[in-house]
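Counting starts at 1 for both ligands and their atoms, following the listed order. Note that these values count all heavy atoms, side chains included, but never hydrogens, waters or copies made by symmetry.
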Amino acid sequence: MKDQFRSTFGVLVALAGSAVGLGNLWRFPYLVGTNGGAAFIIIYLLFVLVLCLPIMYSEILIGRRQSEGIKSIKLLSVISAFVVFSFYAVVGGWSLGYLIKAFSFSVVSTSSEVLEQVYNSSITAVWQPLINTFLFILATGAIIMFGISKGIERFSKVLMPILFIMVIIIAVRSLMLEGAGAGVRFLFQPDFSKVTGKTVLDALGQAFFSLSIGCGSLLTYGFYIQKRENIVKAASFSALSDVVFAIIAGLAIMPAVFAFGISPTEGPGLVFITLPHIFAQIAGGEIFAICFFITFFIAAITSSISILEVLVSYVIERFKISRLSAVIISSLSVSTIAIFASLSFGLLGDVKIFDKSIFTFLENLSANILIPIVGFMTVAYVGWRMKREEFEDEITSGGTIKFKRWILNAIYLIIKYIAPIVVAIILVAGLL
Ligand code: PHE
């Protein structure tokens, strides 16, 4: 029998696990920081609600239906997943490195200089980050080796609830810091004068990335979702978890940023440099640090399994080989690129592609080009190539799930007209 997600809960946590990840804990806070705070969040939320939900339904739906016509979408998704995974694994490796440091009580300090130094030395060194990246890829592969129901589903069921509980605890503690109010205001009081074209681009890129759109993860998970499952519910649950988690992560990080006078525009190092500050100020901070970096690691791994699975599923189907061999081949091939991404913070710092470091190039290539293209192709396929009856058959699970007519019409309208146009405009604008 085909290996599939066994339960509805399993589908929900696996999808949410894919969505909630470094995108929320690492990327979201620094994008909010560099894009002026609350206004960015509002635009991001609008994108999620109006544009991204129907795109998510589309991607899952074509994955489940597996029509002949999606070959090129699949192939491009695999490329997109490959690129994303090659830099995701590097940050995943950092998270592992910090977790190990937290266990040896060596990340907590009150001095920004010390923390910046710890951060810089842990990402610019040659061997340690590389080893951590490999370990991270190995851990991802180890879960995937067990397959969908016994690997991805089982692990997500245990890890996702832990993840939410941990981040809530950290946010509550952070909000109790003196001076936390400034951080909260930064998150919730919009200043639209700071909004530029780049803000809108970043917000869309982040919405796609954070919801796991355009890398084949939803397409691949869709294939393993049973026909009776409600796609609309599952995707909406995932989006809701993602947004809620991002806000809680913001509430954990921004108060600390302001309370300790760090600039919120710090960039990719923000989380790593800021949070150990909180831990240094509070009783039992070392334990909090361990909790936080466990959270970070769990968030990263439940997403990375959904990215690597894209490659693994593809290799299994294409070359008809065992899951184990597919995991080994996929992990090894992605590791080769990850090596360059990791070294681009130190040894290969001078190598530039289009004026960007290798890491930033890979990140931009996926977020600004590959992911939107796959997103565009997905909605264009469902809107223009698939028959409306097929679309409704999938959405309603063969007529067993009832929707109000206007809801179906609205979803379809967005998929057919609004999403392709908006994504195309943003894609072109991003390239100019
Ligand atoms: N959504 C994940 C995150 O926020 C990243 C991801 C992107 C996962 C694309 C799967 C596909 O961390």
To which protein heavy atom is [atom] closest, and what is the distance rounded to 0.1 Å?
| atom | answer |
| --- | --- |
| atom 1 (N) of ligand 1 | Phe209 O, 2.8 Å |
| atom 9 (C) of ligand 1 | Cys215 SG, 3.5 Å |
| atom 11 (C) of ligand 1 | Ser217 OG, 3.3 Å |

Is there a polar contact, in the sense of an N or O pair closer than 3.5 Å, between [X] and ligand 1?
| X | value |
| --- | --- |
| Ile307 | no |
| Ser212 | yes |
| Val84 | no |
| Leu22 | yes |
| Ala19 | yes |
| Asp242 | no |

>> Please confirm whether Tyr88 approaches ligand 1 to less than 4.0 Å, judged on its heavy atoms.
In response: yes

> When you measure from the centre of the six-membered ring of Phe293, is the NZ or CZ of Lys101 under 6.0 Å away and within 45° of the axis?
Replying inline: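 Relative to the ring axis of Phe293, which defines the angle, Lys101 lies outside at least one limit.
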
> Between Phe209 and Arg27, is there a cation-pi geometry (under 6.0 Å to ring centre, at most 45° from the normal)?
Replying inline: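 Because its charged atom sits under 6.0 Å from the ring centre and within 45° of the axis, Arg27 does stack over Phe209.
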
Using only atom types and a distance under 3.5 Å, with no angle test, would you say the side chain of [X] pairs donor to acceptor with the backbone of [Y]?
| X | Y | result |
| --- | --- | --- |
| Ser306 | Ser18 | no |
| Arg64 | Glu394 | yes |
| Thr199 | Asn35 | no |
| Asn132 | Leu96 | no |
| Thr34 | Tyr30 | yes |

> Are a donor atom and an acceptor atom from the side chains of Tyr314 and Ser77 found within less than 3.5 Å of each other?
Replying inline: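 No.
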
>> Distance under 4.0 Å to a non-hydrogen atom of Ser18: what atoms of ligand 1 satisfy this?
In response: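 What qualifies from ligand 1 is 1 (N), 2 (C), 8 (C), 10 (C).
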
> By number and element, which atoms of ligand 1 are closer than 4.0 Å to a non-hydrogen atom of Asn24?
Replying inline: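 Those qualifying, in numeric order: 4 (O).
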
